[in-house]
Amino acid sequence: MKIAVGCDHGGFELKNAIKAHLEERGFEVSDFGIYENRPVDYPEIALKTANSVASGENDLGILVCGTGIGMSMAANKVNGIRAAACSDHYSAKYTRLHNNANILCLGGRVIGAGTALELADIFVDTEFEGGRHRKRIDLISEIEESQKK
Ligand code: RB5
């Protein structure tokens, strides 16, 4: 499985920790920056990372900013992206099982590295349940389609 990661200055250390952890687990990780800790605008990183997931270049993505919220808002503007900002284990699990989320967004100023690595593991290890949830994901896609000009 190929995983894209990205962050702004609010999530720099955490992104690097997640990248190292996933690589240690044997995943192929594409890092969309930032590569040194400096102030950046999170939508730019979210866009690059989300595009790589939407195109199929990567299977899943993990984005980290201060809260995880700005990254999720920006990533969700990309067609085909279902990004979820999570701070707890239950949400990280069920956003895969039920929402088929393809990007996990974490807050580097909200949760510690221990929790973040566990949430990343849950996210990449859990598969979409399908079944009755498929129709709901299709309805989200229909909204997306209806918004295209
Ligand atoms: C940057 O200061 C901060 O606003 C950003 O990392 C993020 O939390 C936005 O949602």
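Please read these numbers as outputs of a predicted model, since none were measured by experiment. Counting convention: from 1, in listed order, for ligands and their atoms alike.
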Subject >> 4.0 Å protein heavy-atom contact status of atom 4 (O) of ligand 1, strictly under >> reply: no
Original post:
Do NZ/NE/NH1/NH2 and the carboxylate oxygens of Asp59 and Lys2 come within less than 4.0 Å?
Top reply: no
Original post:
Are Arg25 and Asp121 close enough for a salt bridge, meaning some N to O gap below 4.0 Å?
Top reply: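 Yes, this pair counts.
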**OP:** Indicate whether any N or O donor in one side chain lies under 3.5 Å from an N or O acceptor in the other, for Asp88 and Ser91.
**Re:** yes
Using a 3.5 Å cut-off on N or O atoms only, is [X] in polar contact with ligand 1?
X	result
Gly66	yes
Gly70	yes
Thr67	yes

**OP:** Check ligand 1 against Cys65 and write out every atom of the ligand that is under 4.0 Å from a heavy-atom position of the residue.
**Re:**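 Listed by number with element: 6 (O), 7 (C), 8 (O), 9 (C), 10 (O).
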Original post:
Quick one: which ligand 1 atoms are inside 4.0 Å of a heavy atom on Asp8?
Top reply: 1 (C), 5 (C), 6 (O)
Could you find the nearest protein heavy atom to [atom] and give me its residue, atom name and distance?
atom	result
atom 9 (C) of ligand 1	Tyr42 CE2, 3.5 Å
atom 1 (C) of ligand 1	His9 NE2, 3.5 Å
atom 2 (O) of ligand 1	Arg109 NH1, 3.2 Å

**OP:** Measure the distances from the heavy atoms of Met73 to every atom of ligand 1 and state whether one is below 4.0 angstrom.
**Re:**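 No, Met73 has no heavy atom closer than 4.0 Å to ligand 1.
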Subject >> Matching residue for Ile62 among Thr49, Leu106, Ile103, Val29 - test: side-chain contact (heavy atoms from CB on, under 4.5 Å) >> reply: Leu106
Original post:
Is the Tyr94 ring parallel, tilted or perpendicular to the His98 ring (thresholds 30°, 60°)?
Top reply: perpendicular
Subject >> Nearest non-hydrogen partners of Lys15 and Gly33, listed with the distance >> reply: CE-O, 3.8 Å
Original post:
When you measure from the side chain of Ser55 to the backbone N and O of Asn51, does any donor-acceptor pair fall under 3.5 Å?
Top reply: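 Side chain of Ser55 to backbone of Asn51, a donor-acceptor pair under 3.5 Å: yes, one is there.
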